[in-house]
Number of protein chains: 2
Amino acid sequence: MEQERVEVESSIGLAIKQASVALRGAMEAALRPLALTVSQYACLEQLGQRPGISASELARSVFVTRQSMQTLLQGLLDRGLLTRPDSPPAGRALPAELTEAGAALLDQASRVVAQVERRMLAGLPSGHLDRLRADLAACVAALVDPGVPDA
Amino acid sequence: MEQERVEVESSIGLAIKQASVALRGAMEAALRPLALTVSQYACLEQLGQRPGISASELARSVFVTRQSMQTLLQGLLDRGLLTRPDSPPAGRALPAELTEAGAALLDQASRVVAQVERRMLAGLPSGHLDRLRADLAACVAALVDPGVPDA
DNA sequence: GACTGTATGTCAGGATGCTGACGTGGAGCA
DNA sequence: TGCTCCACGTCAGCATCCTGACATACAGTC
């Protein structure tokens, strides 16, 4: 069987990367006034929706290693945006929760990010939203099929 | 006007990020036997299609800074995959070109990457391919609208 | 009770990519 | 000619995230 090479013009992979880079850039710019990186925002968002989860669990949600998450959490901790108990209530996991300040900042950040998303989707016919999400999900499912390491 | 917050379950941004991470991971794994990173492959692919372009131009094509591209090119240069003149033929740009070895490796890499793309698209109805690309392109266009810095 | 497996937090080191700044070469214009 | 503006290559410093390794705590089995 003859194997085809990549055609740059029609590569879906390139299109995904472009979208990802553009989105990340737009989010960084939007979050800069709040002194938050995209990773930090993602962290707060997850923490807002699933209070009390461990750093490792958080890391998996945000697609970074738990080592990176420790550094990330420390920064948010120093700013008083979240709290962690000094000693683990059970096992080794230290459940993190947003402080009042953290929840307030998350609220601002979430609105800013939602605005970016709306701007991105403005160029898209409204009906295409669900199908785009479905198509992307199908791609992810096909890729992670053989199982994800350390997740 | 009441501004909405992000809903994690329905966020297109998250879907794009997931797809991007999954794709990058799959490509890294596929390219590892060839001792190429995703960035290096992207660099070779561009160079194969546009021989003689400068490092700065290459950097823009691959979404990295020209500083990073210099490091990247040096690695490929040391492996004899491409050539650059010692002195600029005009202006300051040093046009890069693939060597025979570079072209051969690119050929292998391109097939491997195409295979990953096919695997990704296997879970997608065939007709959805073009519309997915179109939708992503529309998103990118809407985001980069105010102009891209240093590009 | 002892052992194994899994999950978490943590430390050390390195790879990668970025921002900022500088010098140089060419194009455009008065 | 002299000046300005821009693009390219390059150096230095820094941030981020990674891999690898280790100790600890719980659940399961025997």
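Numbered from 1 within each chain, the chains take letters A, B, ... in sequence-line order. Keep in mind that what you see is a predicted model, and the values were worked out from it rather than measured.
For the side chain to side chain contact (heavy atoms under 4.5 Å, CB included) test, no residue two or more places apart in sequence or in another chain qualifies with B:Thr71. For A:Ala55, the side chain to side chain contact (heavy atoms under 4.5 Å, CB included) test picks out A:Met69, A:Gln70, A:Leu73, A:Arg84, with sequence neighbours left out. Take B:Ala114 and apply the side chain to side chain contact (heavy atoms under 4.5 Å, CB included) test, not counting sequence neighbours, and it matches A:Val6, B:Arg118.
Between A:Thr65 and the phosphate of D:dC18, there is a side-chain N or O to OP1/OP2 separation shorter than 4.0 Å. Between A:Ser68 and the phosphate of D:dC18, there is a side-chain N or O to OP1/OP2 separation shorter than 4.0 Å.
With rounding to whole Å, A:Leu73 atom CG is found 14 Å from D:dT16 atom P. As a whole-Å value, the separation of B:Leu72 CG from D:dG9 C1' is 15 Å. Rounded to whole Å, atom P of D:dT16 lies 10 Å from atom CD of A:Glu28. Counting to the nearest Å, the P atom of C:dC18 and the CZ atom of A:Arg32 are 14 Å from each other.
Remark: the A:Arg50 side chain and the A:Ser61 side chain contain an N/O donor-acceptor pair separated by less than 3.5 Å.
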Would you be so kind as to tabulate the donor-acceptor pairs closer than 3.5 Å made by side chains of residues 94-108 of chain B, with sequence neighbours excluded?
| from | atom 1 | to | atom 2 | distance (Å) |
| --- | --- | --- | --- | --- |
| B:Thr99 | OG1 | B:Gly80 | O | 2.7 |
| B:Thr99 | OG1 | B:Leu81 | O | 3.2 |
| B:Thr99 | OG1 | B:Ala101 | N | 3.4 |
| B:Thr99 | OG1 | B:Gly102 | N | 3.1 |
| B:Asp107 | OD1 | A:Arg5 | NH1 | 3.1 |
| B:Asp107 | OD1 | B:Arg111 | NH2 | 3.3 |
| B:Asp107 | OD2 | B:Arg111 | NE | 2.9 |
| B:Asp107 | OD2 | B:Arg111 | NH2 | 3.2 |

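Taking every heavy atom of both residues into account, B:Gly123 and A:Ala138 meet most closely at O-CB, 3.6 Å. The minimum heavy-atom distance linking A:Ala26 with A:Val116 is given by the pair CB-CG1, 3.8 Å.
Each of A:Ala90 and A:Phe63 was matched to the nucleotide of DNA chain D holding its nearest heavy atom; the match closer to the 5' end belongs to A:Phe63.
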Worksheet entry | Stepwise side-chain contact (heavy atoms from CB on, under 4.5 Å) check, B:Ile16 with A:Met120 | CA-CA 12 Å; B:Ile16 290 179; A:Met120 175 175 75; 4.1 Å; yes
Show the distances under 3.5 angstrom between N or O atoms of the protein and N or O atoms of nucleotides 3-6 of chain D.
none

Worksheet entry | Where protein sits on nucleotides 4-16 of chain C, one letter per nucleotide: B base, S sugar-phosphate only, - none, heavy atoms under 4.0 Å | ----BBBB-----
